[in-house]
There are 2 protein chains.
Amino acid sequence: MKVNKGVEWAAHACALLAVLPEGWTLSAEALAAYHDVPPAYMAKQMQALSSAGLVVSVRGAAGGYRLARPARDISLKDVFLAVEGAAPSFRCTEVRQNGPCGAAKAQCRKPCGIAASFYAAETAFRDSLAGVTIMDVVASASAASDLGKAAKIATWIQSNASRPGTER
Amino acid sequence: MKVNKGVEWAAHACALLAVLPEGWTLSAEALAAYHDVPPAYMAKQMQALSSAGLVVSVRGAAGGYRLARPARDISLKDVFLAVEGAAPSFRCTEVRQNGPCGAAKAQCRKPCGIAASFYAAETAFRDSLAGVTIMDVVASASAASDLGKAAKIATWIQSNASRPGTER
DNA sequence: GCGGTAATACTCGGATAAGTCTTGTCCGAGTCCTTATGG
DNA sequence: CCATAAGGACTCGGACAAGACTTATCCGAGTATTACCGC
């Protein structure tokens, strides 16, 4: 059981978008450069976030991505589901219906104990992620960094972000 | 994020082993036949359970597998870890150290907020599974089945299980 | 009849191939900005 | 000098390959059974 790498990158991207000035955007390429990951693949994750409605994309020159709603209203669960998909991780193949002692299909309307337990575990997993917002992530990151780094990031944003509708 | 199919099969196999009479064993082939899954692959999962110490294997003619300890002392978490491995599902690549604003390695002794949240979520996942034992699974399964099926299973066991040290 | 022994059949265990999903990449569609042009 | 329109450059979006892991399989190592032989 492994979570896609894209989840990590998408989460970090959201954290960076969260500290952008209002109305500014960052292109997928800039986000990839900031995190030093393959640009095309980062773009793919941003697409997933976009189609899930977590970020809005601005096309054309000086375009890019920005958060669709406040960082406190986006949880890691949202990011996880956007990138990873909503399909359950445990895929019950209904083996109880197989073999010489297989149960009748009519008796299998409820999931078996094993499947139910794994579904419950996954719900616990998602609930745990739902309790952490992008704002929380940003807060913990900034708490661990010093002023010098904050200034560095601000400078980088000034150089690489763009504000559609105006010249840089 | 997907859990291996083998986890499901291993769990069902444990449930079947749990209802065996004391001292009896079931071969990997018999377990595969009961659940109608590929014999060789089922054998692989049983190996994993064996090396994890959840079941004990008896080699030679009339050999097979039996639970290593009472069903109430084996949880789905144990089965999951045995088959899936104990490696964390979220693989932090420390992207915070990358790029133009990368943090120094010395400042990254603690996991970042994103990684910590995913680790916590996985702990919640495993804790949820730890609360369900094989005994619970058997109980829920037998509660959902009728007497006819129970007799069918008992007959099948009589025909396919073996008791080492004695003739069948 | 009984004990020992060798052959045998059956089991697990690890090493070895296909299939599928993740990972990584590319090029086309669409949009905004820039710039040239005419009034 | 200003409005307009065409051109260009930059962006996202989905379609397209390589790699890794899951899934599936095979054959060799080992052990209890079993039959046989000698006593």
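Reminder, nothing fancy here: chain letters follow the sequence lines and each chain counts from 1.
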Task: Within 6.0 angstrom of A:Arg72 CZ, more than 12 heavy atoms from elsewhere - done: no
- [ ] Test A:Thr25 against A:Leu20 for side chain to side chain contact (heavy atoms under 4.5 Å, CB included), laying out the working first.
- [x] CA-CA 7 Å; A:Thr25 65; A:Leu20 279 186; 5.5 Å; no
Open item on the list: Does a side-chain N or O of B:Ser50 approach OP1 or OP2 of C:dG13 to a distance below 4.0 Å, or not?
Closed with: yes
Task: For atom CG of A:Leu49 and atom P of D:dG14, their distance in whole Å - done: 13 Å
- [ ] Take nucleotides 19-28 of chain C nucleotide by nucleotide from the 5' end and write B, S or -, depending on whether a protein heavy atom sits under 4.0 Å from the base, only from the sugar-phosphate, or from neither.
- [x] --SSBBBB--
Open item on the list: On the nucleotide C:dG13, are OP1 or OP2 found under 4.0 Å from the side-chain N or O atoms that B:Ser57 carries?
Closed with: yes
Task: Length of the CE-P vector between A:Met46 and D:dT11, whole Å - done: 14 Å
Task: Nearest-Å distance for atom pair CG/P, residues B:Asp36 and D:dA24 - done: 12 Å
Open item on the list: What's the closest nucleotide to the side chain of B:Ala61 if the choices are C:dG13, D:dC12, D:dT33?
Closed with: D:dT33
Task: Counterpart residues, ring-ring contact (aromatic ring centres under 6.0 Å, His included), relative to B:Tyr65 (two or more places apart) - done: none
- [ ] Could you state the atom-to-atom distance from CD of A:Gln47 to C1' of D:dG13 in whole Å?
- [x] 5 Å
Open item on the list: Tell me whether the count of non-hydrogen atoms from other residues, nucleotides or ligands lying under 6.0 Å of CD in A:Glu84 goes above 12.
Closed with: yes
Open item on the list: Quick one about B:Thr93 and A:Glu8 (side-chain donor to acceptor, distance below 3.5 Å, no hydrogens or angles considered), yes or no?
Closed with: yes
For a quick test of your reading: what N or O donor-acceptor pairs under 3.5 Å do the side chains of residues 111-127 of chain A make, sequence neighbours left out?
unit_1: A:Ser117; atom_1: OG; unit_2: A:Gly113; atom_2: O; d: 2.7
unit_1: A:Glu122; atom_1: OE1; unit_2: A:Ser89; atom_2: N; d: 3.0
unit_1: A:Glu122; atom_1: OE1; unit_2: A:Ser89; atom_2: OG; d: 3.3
unit_1: A:Glu122; atom_1: OE2; unit_2: A:Ser89; atom_2: N; d: 3.1
unit_1: A:Glu122; atom_1: OE2; unit_2: A:Ser89; atom_2: OG; d: 3.3
unit_1: A:Glu122; atom_1: OE2; unit_2: A:Arg126; atom_2: NH2; d: 3.4
unit_1: A:Thr123; atom_1: OG1; unit_2: A:Tyr119; atom_2: O; d: 3.0
unit_1: A:Arg126; atom_1: NH2; unit_2: A:Ala86; atom_2: O; d: 3.3

- [ ] Figure out the CD/C1' separation between A:Glu29 and D:dA9, and round it to whole Å.
- [x] 13 Å
- [ ] Round to a whole Å and report the spacing from CG of A:Asn160 to P of D:dT11.
- [x] 11 Å
